[in-house]
Amino acid sequence: MKLHCLSTRTTFTALNKNGSAQCQALPKFKLSGEEFLSKLLDRRWTLLSPDTKIHQIMVSSTKGQNSGGVLSNVSFLNNNQPYLGNKMFEDNQGLSFYIVRDDLLHPFVNGNKARKLDGLLPLIEDHDVTDVVTCGGCQSAHAAAVAVSCAERGLKSHLLLRGEQPAILTGYNLISTIYGNVTYVPRSFYAHREKMLETHASMVAGSSGNVVYCNDIIDAFITAQTFERSKFVQMDAPRGTKSHSTKVLVVNEGAGDAVALLGLFRLVDYLSQDHLLGRTRAFNFVVDSGTGTTAVGLGLAALCLGLPWKVTAVMLANTIDAYREQERRLIFEFKRQFCFLLDIHKLNGADDGIVHWVDHIRPRKFGNILEGEIEACQQIAQKTGILVDPVYTLAAWEMATQITTAHGDADVVMLHTGGTLGMFGLAQRYKSYFGMLNDVTKS
């Protein structure tokens with residue numbers, strides 16, 4: 001097995017002694033934000049279109065009329081054909097927030113999972129990868145998305161799931177098992193993710209295969225391209241030319257790599273069209289954060305385009321220091337890999353932080369749910385037809401509701417990150433909470 005890690009000192013980028021990104025062999029011109037995005041997006045994608053639905057959630061006070069739950073004092077109504085573009089300013093229907101329905105993109109590969117894989121999967125195909133190794137929790141939506149996406153392309157996926165195999169396979173765990181090759185990893189071993197992934201990838205590659213990482217693929221494609229053709233295609237081998245050796249790609253937990261930001265750039269470019277959200281209104285995007293990659297992608301794309309958008313990320317799985325470090329790492333990698341296209345000074349503001357990290361309204365250990373949250377999910381589903389889960393998307397929904405009710409003109413947009421199949425796994429763990437749903441419905 002060869003550990004095939006390309007040098008981070010490519011034709012275009014290097015690191016100075018302070019660890020900052022520097023550009024080499026730069027073109028004599030720099031691109032504006034819109035020109036940069038146009039070049040960045042001129043490539044193959046996984047999703048045929050960046051299109052997504054935007055709904056408007058009307059919020060009203062009920063003064064305790066609803067039965068229990070953390071949202072017992074408010075009620076919701078879904079307007080699935082809201083005024084957008086310039087007509088948004090004509091809408092005076094009271095308190096509301098918008099929701100980007102990325103949960104509808106694919107039965108299994110939806111939400112931010114689809115966006116983070118949008119730019120990566122074509123690169124995997126072009127780089128002749130044969131196997132993908134990644135990791136996640138027992139009910140990881142990311143792991144299931146990788147398994148399904150790889151199977152659709154004839155690739156093998158190897159999924160390292162934290163903990164023990166459940167007695168009954170369900171939800172994303174079931175999907176991962178059906179589409180991919182699952183290995184359950186003890187929590188003590190899983191705590192050292194980098195070593196765990198490297199060890200398993202080396203085993204899959206065997207003595208004659210290669211192990212590569214997402215940054216290696218990006219670096220290789222950038223090095224191979226020319227300034228006249230800013231498309232990430234290999235110049236030395238036509239697509240479809242396959243080698244017979246095993247090439248294993250390691251994808252970090254939650255696809256937490258800079259290449260995952262590309263799909264968020266594409267989404268922001270789509271949403272900022274004049275007939276949708278436009279480029280002048282100061283929206284506050286609310287998103288639940290596991291790894292924090294989605295929030296960073298939204299914020300960085302908005303900064304590059306000069307959009308007056310704020311990103312509020314609800315921290316679910318780590319401390320604020322860890323999220324800020326993840327933010328710095330992703331921005332650094334993005335600058336290193338793409339600064340040859342963009343005047344890097346346009347991203348100087350990113351060093352001061354581009355995401356507003358906030359605590360969960362009801363803090364708890366990651367993965368746990370609290371009393372009343374299943375009822376809140378039921379209330380939202382029955383009132384709006386939108387399914388949220390109590391671990392991730394309910395946190396974003398609660399935050400969007402709180403900001404909207406506290407600041408009526410806040411222009412809040414929630415990104416639905418999908419992941420709702422995780423409800424099936426939660427139903428096994430929290431039988432008493434889910435068993436109360438019938439009682440709530442009858443009361």
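All figures in this text were calculated on a predicted structure; none of them were measured in a lab.
Judged by distance alone, with hydrogens and angles left aside, the side-chain atoms of H360 form no donor-acceptor pair with the main-chain N or O of A396 at under 3.5 Å. A side-chain donor-acceptor contact under 3.5 Å links R266 to the backbone of L47. With hydrogens and angles disregarded, a donor-acceptor distance shorter than 3.5 Å links the side chain of K247 to the backbone of H127. Between the side chain of Q139 and the backbone N or O of N173 there is at least one donor-acceptor pair closer than 3.5 Å. Using a distance-only test at 3.5 Å, with no hydrogens or angles considered, no donor-acceptor pair links the side chain of D274 to the main chain of G278. When atom types are taken as modelled, the side chain of E198 and the backbone of K195 share no donor-acceptor pair closer than 3.5 angstrom. Between the side chain of D219 and the backbone N or O of D216 there is no donor-acceptor pair closer than 3.5 Å. Side chain of N252 to main chain of D257: no donor-acceptor pair is present (N/O by atom type, distance under 3.5 Å, no hydrogens or angles). Of the possible donor and acceptor atoms, one in the side chain of Y323 sits under 3.5 Å from a partner among the backbone N and O of G290.
In this structure the side chain of V132 reaches within 4.5 angstrom of the side chain of I124, judged on heavy atoms. Residues L95 and M58 fail the side-chain proximity criterion, which asks for heavy atoms closer than 4.5 Å. Side chains of M414 and F285 form no contact here, defined as non-hydrogen atoms less than 4.5 Å apart. Between V286 and L415, the closest side-chain pair of non-hydrogen atoms is not below 4.5 Å. Side-chain contact check for T130 versus K156: every heavy-atom pair is 4.5 Å or farther apart. In this structure the side chain of I374 reaches within 4.5 angstrom of the side chain of P390, judged on heavy atoms. L77 places none of its side-chain heavy atoms less than 4.5 Å from the side chain of I57. A 4.5 Å side-chain heavy-atom check between L161 and T183 finds every atom pair outside the cut-off.
In the displayed structure, Y190 atom OH is contacted under 6.0 Å by more than 12 heavy atoms of other residues, nucleotides or ligands. In the displayed structure, N80 atom CG is contacted under 6.0 Å by more than 12 heavy atoms of other residues, nucleotides or ligands.
Looking at T417 and D288, their side chains do bring a donor and an acceptor atom within 3.5 Å of each other. N78 and T384 are not linked by any side-chain donor-acceptor pair at a separation below 3.5 angstrom, with hydrogens and angles left out of the test. Between the side chains of H55 and R101, at least one donor-acceptor pair of N or O atoms lies under 3.5 Å. For the residue pair E152/H106, the side-chain donor-acceptor check at 3.5 Å is satisfied. Looking at N112 and Y392, their side chains never bring a donor and an acceptor atom within 3.5 Å of each other. In this structure, a donor-acceptor pair under 3.5 Å is present between the side chains of T134 and H142.
From H158, atom NE2 reaches atom NE2 of H200 across 6.5 Å, with rounding to the nearest 0.5 Å.
When each of T294, D102, N110 is checked for a side-chain hydrogen bond (donor to acceptor under 3.5 Å, both in side chains) with R115, only D102 meets the rule.
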**Q.** Worked verdict on M196 versus L160 for side-chain contact (heavy atoms from CB on, under 4.5 Å)
**A.** CA-CA 9 Å; M196 175 190 72; L160 306 180; 3.7 Å; yes

Q: Please assess N284 against I403 for the test side-chain contact (heavy atoms from CB on, under 4.5 Å), listing each intermediate value before the final yes or no.
A: CA-CA 9 Å; N284 184 356; I403 297 173; 3.8 Å; yes

Q.
Please determine whether salt bridge (Lys or Arg N to Asp or Glu O under 4.0 Å) holds for the pair E125 and R44, giving the CA-CA distance in whole Å, both sets of side-chain angles, and the decisive distance to 0.1 Å.
A. CA-CA 11 Å; E125 293 178 302; R44 291 201 308 126; 3.6 Å; yes

**Q.** Residue pair K335, I331: steps toward the side-chain contact (heavy atoms from CB on, under 4.5 Å) verdict
**A.** CA-CA 6 Å; K335 285 182 177 182; I331 293 172; 3.9 Å; yes

(Q) For R324 and E327: C-alpha separation, side-chain torsions, deciding distance, then whether salt bridge (Lys or Arg N to Asp or Glu O under 4.0 Å) applies. (A) CA-CA 5 Å; R324 285 173 175 166; E327 180 180 350; over 6 Å; no

Q: Dump the intermediate steps for side-chain contact (heavy atoms from CB on, under 4.5 Å) on L123 and R43, then the final yes or no.
A: CA-CA 10 Å; L123 294 177; R43 55 196 306 278; 3.5 Å; yes

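Between F283 and W309, the ring planes are perpendicular. Angles over 60° get that label, and only those under 30° would be called parallel. Ring pair F334/F265 is parallel by interplanar angle, where below 30° counts as parallel and above 60° as perpendicular.
A salt bridge between E333 and R328 is absent, with no side-chain N of the basic residue lying under 4.0 Å from a carboxylate O of the acidic one.
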